[in-house]
2 protein chains.
Amino acid sequence: MARTESIVNELRNDIVAGVFPAGDRLIELQLCERYASGRAVARAALVQLESEGLVVRQPNRGATVRRISVSEAIEITEARSALERLIAARAARNATEIDRDELRGIVADMRISVANGDAARYSTLNRTLHGRLCEIGHHEIATDLVHNLRNRAVSHQYRLAMMPGRPNESLEQHAAIVDAVVAGDEAAAADAMEAHLGSVLSVLSRWGDAH
Amino acid sequence: MARTESIVNELRNDIVAGVFPAGDRLIELQLCERYASGRAVARAALVQLESEGLVVRQPNRGATVRRISVSEAIEITEARSALERLIAARAARNATEIDRDELRGIVADMRISVANGDAARYSTLNRTLHGRLCEIGHHEIATDLVHNLRNRAVSHQYRLAMMPGRPNESLEQHAAIVDAVVAGDEAAAADAMEAHLGSVLSVLSRWGDAH
DNA sequence: CGGTCGCTCATTGTTGACAATATTGTTGAC
DNA sequence: GTCAACAATATTGTCAACAATGAGCGACCG
């Protein structure tokens with residue numbers, strides 16, 4: 001009955017989507033009810049999500065959604081930057097003509113979204129672009145790590161997108177990445193990706209200083 | 001009674017140390033006996049180690065120690081390279097005078113070990129050096145990821161140390177890393193670290209081609 | 001009035017039994 | 001002799017009950 005494997009995915013999605021905000025207690029019985037499973041299964045999910053860094057469990061005190069401080073978010077983004085450099089370089093190396101067309105198309109759509117002020121669509125395209133780069137890069141280890149890091153810092157990404165002027169800045173950086181990937185220039189792709197995440201970092205650290 | 005938290009560490013150590021070779025079945029009841037714990041605890045440990053990439057679990061078919069192919073080991077080392085670049089750069093930024101002395105001392109000991117052909121001691125110093133760099137770098141996220149990646153590829157690292165001429169080559173690379181860190185040159189430290197792991201990669205890929 | 005002791009309750013930690021599933025070994029027919 | 005169906009075993013998956021722990025709260029005592 002209990003889809004043992006899938007409830008960890010459901011719970012992860014719910015945490016990332018903000019259904020359970022940071023700091024929320026995750027009580028096993030409630031999870032059992034919500035996901036229609038036994039307590040053992042819920043426990044296993046919590047153990048796994050703890051080792052993914054999304055949940056913190058204190059002995060005999062239960063589990064909570066992990067709070068990510070700004071300084072942690074910065075570290076996470078720095079690590080992401082290192083790994084996405086690698087992915088971008090690989091994408092530049094491996095991209096086929098079909099891939100190149102698709103990437104150009106995504107950037108074109110992004111341009112439209114920014115022009116229209118459609119933040120939600122831009123955010124979706126953002127995810128799509130990074131996701132496609134991961135697929136094109138064919139680097140499973142780095143891809144998995146990056147996905148995990150993205151999940152961990154998602155609460156901060158959210159705030160980021162709301163900053164005024166940010167979409168324009170971000171758009172040009174994404175365009176630069178795609179240009180380099182399409183040109184097959186590995187070093188340029190890595191540097192463009194690093195520049196993009198570096199700009200994310202500077203926003204994060206400014207915001208951190210202000211609090 | 002059951003040290004719920006510690007058995008995952010014990011099992012991880014045993015896997016990394018080769019007590020359970022790659023491909024070995026990890027039967028829950030045997031783990032219970034070995035670590036004097038209940039089955040639920042053993043299960044939890046397996047779930048966690050699966051998400052760390054050390055164990056693979058197939059539904060209704062049990063858990064085995066994950067086999068890491070050479071191509072996977074290459075990917076793991078590539079990801080490690082990206083992250084250790086970051087760590088080395090941070091170490092160069094943060095190292096105090098005391099840290100610098102210690103790093104120089106480790107390299108001096110390494111030189112002695114190589115001269116004496118003491119592979120075991122060299123291997124220990126190798127771990128010590130990378131570990132100290134992680135501590136000096138003060139980058140928890142990257143450090144955790146690197147530790148995990150090291151654990152995953154440990155079976156291949158082992159074979160690597162046995163290659164003739166390898167210790168000498170490796171020694172000079174480590175010396176270069178430490179020189180850059182001691183000099184406080186972030187970019188040079190990152191590049192030296194990348195060069196070091198690049199040499200590991202070339203050995204791995206040569207070995208992979210030969211099989 | 002303040003602090004500490006002990007009680008109660010919610011929640012987690014652990015155990016054991018049972019059901020479900022895969023693997024292995026065995027039998028029997030062709 | 002070979003193959004398929006079937007039985008036996010081994011192992012995992014699930015569940016429910018019980019023990020243990022920590023937090024909150026009120027009463028008791030200084």
Side-chain angles (χ1 to χ4, degrees), chain A residues 1-68 151-152, chain B residues 1-68 151-152:
Chain A
M1 174 210 275
R3 305 71 37 94
T4 314
E5 207 41 56
S6 83
I7 120 158
V8 65
N9 291 325
E10 295 182 36
L11 179 53
R12 186 191 300 113
N13 287 339
D14 285 343
I15 290 174
V16 171
V19 175
F20 298 107
D24 251 29
R25 291 194 62 184
L26 298 171
I27 291 160
E28 296 180 359
L29 284 175
Q30 295 177 1
L31 300 179
C32 296
E33 190 180 355
R34 179 173 233 270
Y35 302 109
S37 67
R39 210 155 69 89
V41 178
R43 271 179 89 72
L46 290 174
V47 168
Q48 176 163 350
L49 293 180
E50 179 180 37
S51 79
E52 290 182 18
L54 291 176
V55 160
V56 51
R57 291 195 329 142
Q58 294 168 296
N60 289 314
R61 303 233 257 129
T64 59
V65 179
R66 181 161 182 179
R67 288 180 200 273
I68 303 294
N151 281 343
R152 287 209 230 177
Chain B
M1 175 209 276
R3 306 69 37 94
T4 315
E5 205 41 56
S6 83
I7 121 157
V8 64
N9 291 323
E10 294 182 37
L11 179 54
R12 186 191 300 115
N13 287 339
D14 285 343
I15 290 175
V16 171
V19 175
F20 299 107
D24 251 29
R25 292 194 60 184
L26 298 171
I27 292 158
E28 296 180 358
L29 283 175
Q30 294 177 1
L31 299 179
C32 295
E33 191 180 355
R34 181 172 229 272
Y35 303 109
S37 66
R39 208 156 71 89
V41 178
R43 274 180 87 73
L46 289 174
V47 168
Q48 176 163 349
L49 292 180
E50 179 181 36
S51 79
E52 290 182 17
L54 292 175
V55 160
V56 50
R57 292 196 327 143
Q58 294 167 297
N60 287 316
R61 301 232 261 134
T64 59
V65 179
R66 181 159 184 180
R67 288 179 200 274
I68 302 295
N151 281 344
R152 288 210 230 177

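This one's a predicted model, so the numbers in the text were calculated from it and none came from an experiment. Just so we're on the same page: letters track the sequence lines, and every chain starts at 1.
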Using whole Å, what does the distance between atom P of nucleotide D:dA10 and atom CG of B:Leu26 come to? 19 Å
With a 4.5 Å heavy-atom cut-off, do A:Gln48 and A:Arg12 have their side chains touching? yes
So do A:Glu52 and A:Ile15 actually touch side chain to side chain, heavy atoms under 4.5 Å? no
How would you label the contact of A:Leu46 with the nucleic acid (heavy atoms, under 4.0 Å): base, sugar-phosphate, or nothing? nothing
d(A:Gln30 CD, A:Phe20 CZ) to nearest 0.5 Å is 8.0 Å
Of the nucleotides C:dT11, D:dA17, D:dG13, which one has an atom closest to the side chain of A:Arg39? D:dA17
From the options D:dG13, C:dG13, C:dT11, select the nucleotide whose nearest atom is closest to the side chain of B:Arg57. D:dG13
If you define the side chain from C-beta out and look only at heavy atoms, does anything of A:Gln58 sit under 4.5 Å from A:Thr64? no
Looking only at side-chain N and O atoms, does B:Arg43 come under 4.0 Å of OP1 or OP2 in D:dG13? yes
Which nucleotide, in any strand shown, forms a Watson-Crick or G-U wobble pair with D:dT12, with both distances under 3.5 Å? C:dA19
Could you check A:Ala40 against A:Asn60 and say which one's nearest nucleotide on DNA chain D is further toward the 5' end? A:Ala40
Would you please confirm or rule out a distance under 4.0 Å between OP1 or OP2 of D:dA23 and any side-chain N or O of A:Arg61? yes
Residue matched to C:dG28 through Watson-Crick or wobble contacts both under 3.5 angstrom: D:dC3
